[in-house]
Amino acid sequence: MSKNLVIVESPAKAKTIEKFLGSDYTVLSSFGHIRDLSKHAFGVDITNGFQPIYEISPDKKKLVADLKKASDVAETVWLASDEDREGEAIAWHLSETLKLKHDKTRRIVFHEITKPAILKAIEHPREIDIDLVNAQQARRILDRIVGFELSPVLWRKVKSSLSAGRVQSVAVRLIVDREREIQGFVSESFFRVIALFTVTDADGKPVELKSELQHRFKTKEEALAFLEICKTSHYVIEDIIKKPSKRSPAPPFTTSTLQQEAARKLGYSVSQTMMIAQKLYEAGQITYMRTDSVNLSDLALGTAKAEILSMAGERYWQFRHFQTKTKGAQEAHEAIRPTYMDKHEISGTAQEKNLYALIWKRTIASQMSDAELERTTITIGMSNSSEKFLAVGEVIKFDGFLRVYIESTDEESDQDAEALLPPLKVKQPLDIIQVTATERFSQRPPRYSEAALVRKLEELGIGRPSTYAPTISTIQKRTYVEKSNLDGEVRTFTVLTLKKDKIKEESKSERYGADKGKLVPTDIGMVVNDFLMDYFPNILDYNFTANVEKEFDDIAEGQLNWQKSLQHFYDKFHPMVVETMANSERRSGERVLGVDPKSGKQISVRIGRFGPIVQLGNKEGDEKPQFASLKKGQLLETITLEEALDLFKLPRSLGEWEGKEMVVGIGRFGAYVRYDSGFYSLPKTEDPMLIVAETAVAIIQAKREADKNRQMKIFDQDPDLQILNGRFGPYISYQKKNYKIPAKTDPLQLTYEACLEIIQNDAKTAKKAPAKKKSSKKE
DNA sequence: CAGTGAGCGAGCTTCCGCTTGACTT
């Protein structure tokens, strides 16, 4: 065993550092935090100065024992966890848990994993910063108090197993608020006017020049009137303005910007990006992937420069130092960058290659020179109106960083600036080809994609690089939000075209509002959000985290006592919890929509035991009320009386076929026909409200035909026993259960007795390991 | 995982931030 033990957070980091330090040093990893507040209990002794009750996580017991052994024999223990609040706490937990003697313990930090940085750190050890540790404890305890006091309120007042927390509840609020903005949005239409001219280019060939009228018209009448004026107008170039402009590269990647760009450019989900990045990190190809820093090490700056010089030359290189603007950034690591800048590509899966290439380009571009552009704006005047058309062109004079990388944006712009304009002169007359006025609509605010939500959370200083992906998964697991799958609607718009002195009016149609894979709130999400907004508006405040972070900073600087800070919060917060528990109404999102015109009974919607339902009649009535589930995509908040009444029209009978009744309904897996105690799924193209008996019969027959082809063998002894060919190959079906056929057995050769034996064997093994079966059922 | 289309009855659920893991066909 070597004289020195170094403990870092990540095993990949440990491996790298061990190489730098030589044989006198053993480097081990703590795998993040080793202790936490007790998992099932409250974990904080409120009445005793918020004393935390820490436990070693069960999966860390062996690790801690190993660390203990190693630290006992080492002469010096170097605690090299990250230099941020959490890292300092990890160092402190290690020293407490391993009972490290003060005189043989050193605390060291480094921001980059390079040999000089690590050797320098070893030369400058310091003490554990207990103020910073206390700031972390305050953060941890506050989160526990908020989460473990609010969640039970939801269990009582809304539904069991729900949760609330400082981060997740605000994430849900953002999505709910945005959805309501969209619901309340009133789209306005206007007319954009585009004129197409013909001019000759440098070679004397005719080319088109596209220009847009500066003025947009509110109504069709105004647009028509303008086109009438255009009929008799002459057009002339009044002005040409050339303006140089510059574009600068974006800073290197942080976790959040990597997630955004990987989503935009490669279509990866936030968690996918993190999994791929983790692989790259473990393979030593990129630096650490959970970071809020845009900083590059001196080593990286040097190798990036060398790479740019050899690739593109001196003119393309520019030294840049980026500074983070993110609220609450802790900057314990570098930006995300390739470990070796001269590695333009790597071997690996296609996904790994793509993500690596993205990181490489972004990093290199960040040290390249500005792109120089020239923007030309041409003003075209009319002989009989003061309206002006503008044509805009942009030329790249010097590509600079654009040679390598262009950052994407979320909004797809339809404002296509012409790349190059033909040579033109002021006062030059122009020949008109056509003028079109197209009706357009103002855009509703966009729904959040996963990556856009991450960007917003980061902007508000809520959550950390390590929690963005888990937060998105939590709010979906709690069914507060889901990924959208909206087809949108069709709308018509008007296009007016003036060509050869004639105005033509056309009506065209387009699909709008379609949204796939965006985050939308569910009914539960909205009800929980509204409840929390009513009773705990301060926790849901977008600035709540920012405000408590200020307190944590004061604690870290030794200006504020952490217990006092928590006491101050708790004295206000806890009474609100008690009050809400005692006096608030249960929430179900109930809305009364009106009365059923047939029966005169009340129609209402609310969240029922198994999800959102519409109810016909009420408890006080003579008869039991009737219920129906809401369809996917319908919300309690927006469903109309008519839509709610439609839900009671299913299941409906299609009449009899061969003596048995066919019934159409909508179930968990979509629309179906039930016939002779069997279920037949309807294809998406069939509307269960409109389907007729003949179509249903055809579907039933088709399914029966397919089932017949599935049958490999049936037995005369027992019609319940069949050998079927399924998605995963042949299997035995017996009394509605399925059994695997042992390997190397020809299914067609199996006898009735052999099948029964397989079934009995399966029953035996199932009895032997019932726990296993149970756990595998769980998600 | 092998195809589904229900309807309580006891006790448990829950937070945020660090980090990777993995008894099998």
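Each chain gets a letter, A, B and so on, in the order its sequence line appears, and its residues count up from 1.
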Please state the [atom1] separation for the pair [N] and [M] - nearest whole angstrom.
| N | M | atom1 | value |
| --- | --- | --- | --- |
| dT24(B) | dG3(B) | P | 27 Å |
| dG7(B) | dG11(B) | P | 23 Å |
| dA2(B) | dA22(B) | P | 28 Å |
| dT4(B) | dT25(B) | P | 29 Å |
| dC8(B) | dC12(B) | C1' | 15 Å |

ask   = How would nucleotides 11-16 of chain B be written as a contact map, 5' to 3', with B for base contact, S for sugar-phosphate-only contact and - for no contact, using protein heavy atoms under 4.0 Å?
value = --BBBB
inquiry  = Over all strands shown, is Tyr288(A) touching base, sugar-phosphate only, or nothing at heavy-atom distances under 4.0 angstrom?
reply    =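 It contacts sugar-phosphate atoms only.
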task = Calculate the interatomic distance between Phe627(A) atom CZ and dA6(B) atom P; express it in whole Å.
result =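 After rounding, the reported distance stands at 16 Å.
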ask   = Given atom CZ of Arg35(A) and atom P of dC18(B), what is their separation to the nearest angstrom?
value =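 Interatomic distance, CZ of Arg35(A) to P of dC18(B): 18 Å.
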request  = Please tell me which of Glu282(A) and Ile462(A) maps to the more 5' nucleotide of DNA chain B, matching each residue to the nucleotide holding its nearest heavy atom.
outcome  =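 Comparing both residues, the 5'-ward one is Ile462(A).
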Within residues 7-16 of chain A or reaching into it, pairs that qualify as salt bridge (charged side-chain N to carboxylate O under 4.0 Å, His left out) - sequence neighbours excluded =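 For residues 7-16 of chain A: Lys13(A)-Asp82(A).
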ask   = Charged N to carboxylate O below 4.0 Å: is that the case for Asp143(A) and Arg140(A)?
value =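 Not counted as a salt bridge, because no side-chain N and carboxylate O are separated by less than 4.0 Å.
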